[in-house]
Undergrad: 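Please read through the structure below; I'll follow up with questions.
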Amino acid sequence: MMDYLLILLAVFCFAGQFAFTKLYEGAVRQTTVTALAMLAVTGTIGAVLYLFIGGFHVEFSPVSVFWAIMFALVMLPYYMVGIKVLALGSLAIYSMFMMLGGMLVPLFYGVVFLREDISIGKALGTILLTLFIILQAVWQQPPADQEGNQSGKKKYLFFVLCLLIFLVNGLTGVIAKAHQISKGAVDEISFTVISCALTSIFSLILLGFEFLRNHRETSRQIIAALKIKPLWLMALIGATAYTGNFLHLLAASNVPASVQFPLVSGAVIVLSALVSAFVFHERLSKKEWVSITGAFLSTVLFAF
């Protein structure tokens, strides 16, 4: 019972992460600089949090440092694209693509490259999820601009970026799995500390390049990102994201992965849709609700 309570808390953390990211985008407006500032802060929070959880003991190995570098490099587009997606469209659709990518891409990697068996439920769930992604591309409403006008170009850009976040989030799962099965890999807590620290360092390096390119505009945007409200939102993004990851990790020791991952993905999709509709007052068409509901039901099949 306690393990499922941990999963429920993790779901609220992940949904909260998406909501706080959208609020951050609204507070500072999406730019490369503000996205990198957020990455630097959230990466630092993740490193400190997991350093505390691990009793301030971190193990290193060459293979783990390599995969941590790969993970950090993937995290850059993960957040930068994610903020852009939230600026263009619905939180509900964003979270759906993100969570489904976290399920389907690692599944494809496991079946094709690791020769893992796939059950009938997972095969059927994969087919249905692919169908609902295609339908979502057809059904989704074009995002509206500030005057309320809807743009077809923005619709396709939104969908392309959703596909990109689908792949990028899936790659984080692939890298984590590749690290886990590598000979000489360190424990997951140490790996998270290293990857978070590297994410923060890479973000600061890129911010340095942005400063050299245009120091006045970069300085202005950094100052805007470090005001009280955006700074609190960045702290909440980091806290919810990495607390959710830790709770997810704790539950994994007793709950089968075939049950845990579909349960988390499906629950986050539904909760994010509710937050999108009732907190951010984003209008979703009936067809979009059908695709979200269908995606949730399809994730249930992964448990069989």
Undergrad: What heavy-atom pair brings Ala47 and Cys196 nearest, and what distance separates the two atoms?
TA: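 That would be N-CB, 3.5 Å.
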Undergrad: Is it possible for you to say whether Phe280 and Leu274 belong to one hydrophobic cluster, with membership spreading through side-chain heavy-atom contacts below 4.5 Å?
TA: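 No, Phe280 does not connect to Leu274 through the hydrophobic network.
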Undergrad: So which heavy atom on Leu247 is nearest to which on Cys13, and how close?
TA: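 Answer, listing the atom of Leu247 first, then Cys13: CD1-SG, 4.3 Å.
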Undergrad: Whether the side chain of Ser64 engages the backbone of Ser61 through a donor-acceptor N/O pair (distance < 3.5 Å, no angle test) should be reported.
TA: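 No, the answer is negative, given that no donor and acceptor are paired below the 3.5 Å cut-off.
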Undergrad: Is Ile292 close to Val270 at the side-chain level, that is, under 4.5 Å between some pair of heavy atoms?
TA: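 No - every pair of side-chain heavy atoms lies 4.5 Å or more apart.
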Undergrad: Determine, stepwise, if the pair Lys22 / Glu25 fulfils salt bridge (charged side-chain N to carboxylate O under 4.0 Å, His left out).
TA: CA-CA 5 Å; Lys22 188 169 183 68; Glu25 185 280 325; 5.3 Å; no
Undergrad: Just so I know, are the side chains of Phe132 and Leu100 near enough to count as touching, which here means a heavy-atom distance under 4.5 Å?
TA: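 No - every pair of side-chain heavy atoms lies 4.5 Å or more apart.
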Undergrad: Working to the nearest 0.5 angstrom, can you tell me the gap between Leu207 CG and Leu36 CG?
TA: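 Rounded to the nearest 0.5 Å, the CG-CG separation comes to 4.5 Å.
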Undergrad: When hydrophobic residues are tied together by side-chain contacts of less than 4.5 Å, even through go-betweens, does Val160 share a cluster with Leu163?
TA: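 Cluster IDs for Val160 and Leu163 differ.
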Undergrad: I need the minimum non-hydrogen distance between Ser95 and Ala92, along with the two atoms involved.
TA: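 Answer, listing the atom of Ser95 first, then Ala92: OG-O, 2.9 Å.
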Undergrad: Heavy atoms, side chains only, cut-off 4.5 Å: are Trp289 and Lys286 in contact?
TA: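 When only atoms from C-beta onward are counted, Lys286 and Trp289 do not touch, as no gap falls below 4.5 Å.
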Undergrad: Are the side chain of Thr293 and the backbone of Val290 linked by a donor-acceptor contact shorter than 3.5 Å?
TA: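 Not a single qualifying donor-acceptor pair exists.
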Undergrad: Side chains of Glu217 and Val33, heavy atoms from C-beta outward: is any pair under 4.5 Å?
TA: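 With C-beta onward as the side chain, the pair stays apart.
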Undergrad: Looking at every non-hydrogen atom in both residues, tell me the closest pair between Ser272 and Leu91 and how far apart they are.
TA: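 Minimum heavy-atom separation between Ser272 and Leu91: O-CD2, 4.1 Å.
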Undergrad: Whether the side chain of Ser182 engages the backbone of Ala185 through a donor-acceptor N/O pair (distance < 3.5 Å, no angle test) should be reported.
TA: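 Here the side-chain-to-backbone pair does not exist.
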Undergrad: Given the rule in the side chain to side chain donor-acceptor pair (under 3.5 Å) test, do Thr31 and Thr34 qualify, once you have shown the distances and angles that lead to the verdict?
TA: CA-CA 5 Å; Thr31 68; Thr34 56; 3.1 Å; yes
Undergrad: Taking side chain as C-beta onward, heavy atoms only, is Ser219 less than 4.5 Å from Arg216?
TA: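 A side-chain contact under 4.5 Å is absent here.
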Undergrad: Report the C-alpha distance between Leu39 and Ser200 in whole Å, list the side-chain angles of each, state the deciding distance to 0.1 Å, and finish with yes or no for side-chain contact (heavy atoms from CB on, under 4.5 Å).
TA: CA-CA 6 Å; Leu39 268 170; Ser200 183; over 6 Å; no
Undergrad: Are Ile189 and Phe60 joined in one hydrophobic group, where the rule is that I, L, V, M, F, W and Y side chains link up if heavy atoms are under 4.5 Å apart?
TA: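 Per the 4.5 Å side-chain linkage, Ile189 and Phe60 are co-clustered.
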Undergrad: Would the number of heavy atoms belonging to other residues, nucleotides or ligands and lying under 6.0 Å from CZ of Phe56 be above 12?
TA: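 Yes.
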Undergrad: Does the Tyr24 side chain pair with the main chain of Trp232, one donor and one acceptor, at a distance under 3.5 Å?
TA: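 Answer holds: no.
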Undergrad: Can you find a heavy atom in the side chain of Ile133 that is under 4.5 Å from one in the side chain of Phe166?
TA: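 The answer is yes, as the side chains (C-beta and beyond) meet within the 4.5 Å cut-off.
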Undergrad: In Å, rounded to the nearest 0.5 Å, how long is the span from NZ of Lys177 to CG of Leu114?
TA: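 One finds 6.5 Å between NZ of Lys177 and CG of Leu114.
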Undergrad: Determine the interplanar angle of the Phe191 and His179 rings, folded into 0 to 90°, and report it as parallel if under 30°, tilted if 30 to 60°, perpendicular if over 60°.
TA: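 Correct class here is parallel.
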Undergrad: Step through the shown structure and confirm whether more than 12 heavy atoms of other residues, nucleotides or ligands are within 6.0 Å of CD1 on Ile120.
TA: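 No, the 6.0 Å shell around CD1 holds no more than 12 heavy atoms from other groups.
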Undergrad: Is the shortest heavy-atom distance from the side chain of Met234 to the side chain of Phe20 under 4.5 Å?
TA: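 No. Closest side-chain heavy atoms not under 4.5 Å.
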Undergrad: Sub-3.5 Å donor-acceptor pair from the side chain of Asn169 to the main-chain atoms of Ile165, do we have one?
TA: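 Checking the backbone N and O of Ile165 against the side chain of Asn169, no donor-acceptor pair under 3.5 Å is found.
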Undergrad: With side-chain contact (heavy atoms from CB on, under 4.5 Å) as the test, would you mind laying out the steps for Val168 and Val81 before giving the verdict?
TA: CA-CA 9 Å; Val168 170; Val81 174; 5.8 Å; no
Undergrad: Under a 4.5 Å cut-off applied to non-hydrogen side-chain atoms, are Ile7 and Asp3 in contact?
TA: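 The answer is no; the side chains never approach within 4.5 Å.
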Undergrad: Are Leu157 and Met98 grouped together when hydrophobic residues (ILVMFWY) are joined by side-chain heavy atoms under 4.5 angstrom apart?
TA: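 Yes, it is one cluster - the side chains of Leu157 and Met98 are joined through contacts under 4.5 Å.
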Undergrad: Mind checking the CZ-CG spacing from Phe12 to Leu8? Nearest 0.5 Å is all I need.
TA: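 It is 5.0 Å, given to the nearest 0.5 Å.
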Undergrad: Same cluster for Leu297 and Leu104 if Ile/Leu/Val/Met/Phe/Trp/Tyr side chains link at under 4.5 Å?
TA: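 No, no single cluster joins them.
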Undergrad: Verify the distance criterion only: is there a donor paired with an acceptor across the side chains of Ser265 and Thr299 at less than 3.5 Å?
TA: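 Short answer, no.
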Undergrad: Taking the six-membered ring for Trp and the full ring for Phe, Tyr or His, determine whether the centres of Phe97 and Phe159 are under 6.0 Å apart.
TA: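 When the ring centroids of Phe97 and Phe159 are compared, they turn out to be within the sub-6.0 Å range.
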Undergrad: For the OH atom of Tyr242 and the OH atom of Tyr50, what is their distance to the nearest 0.5 Å?
TA: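 One gets 8.5 Å once the value is rounded to the nearest 0.5 Å.
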Undergrad: Can you list the steps and then say if Leu73 with Ile69 is a side-chain contact (heavy atoms from CB on, under 4.5 Å)?
TA: CA-CA 6 Å; Leu73 291 176; Ile69 291 172; 4.0 Å; yes
Undergrad: When rounded to the nearest 0.5 angstrom, what is the spacing between CG in Leu171 and CZ in Phe71?
TA: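 The CG atom of Leu171 sits 10.5 Å away from the CZ atom of Phe71.
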Undergrad: Over all heavy atoms of both residues, which pair between Gly266 and Phe296 is shortest? Give the atoms and the distance, please.
TA: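 What the structure gives for the nearest pair is O-CD1, 3.3 Å.
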Undergrad: Okay, side chain of Ser190, backbone of Val186: is any donor-acceptor separation there less than 3.5 Å?
TA: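 Such a contact is absent between Ser190 side chain and Val186 backbone.
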Undergrad: Start with the C-alpha gap between Phe18 and Val268, add the side-chain angles, then the distance that decides, and say whether side-chain contact (heavy atoms from CB on, under 4.5 Å) holds.
TA: CA-CA 10 Å; Phe18 300 153; Val268 171; 3.5 Å; yes
Undergrad: Around Ile181, counting heavy atoms of other residues, nucleotides and ligands shown, do more than 12 lie under 6.0 Å from its CD1?
TA: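 Check passes, neighbour count above 12.
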Undergrad: Would you give the length of the straight line joining atom CG of Leu233 to atom NZ of Lys227, rounded to the nearest 0.5 angstrom?
TA: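 Interatomic distance, Leu233 CG to Lys227 NZ, rounded to 0.5 Å: 13.5 Å.
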Undergrad: Which heavy atom of Gly170 sits nearest a heavy atom of Pro106, and at what distance?
TA: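 Distance-wise, the nearest heavy atoms are O-CG, 3.7 Å.
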Undergrad: Do Thr218 and Glu210 pair up side chain to side chain, a donor and an acceptor below 3.5 Å, judged on atom types alone?
TA: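 Per modelled atom types, Thr218 and Glu210 side chains form no pair under 3.5 Å.
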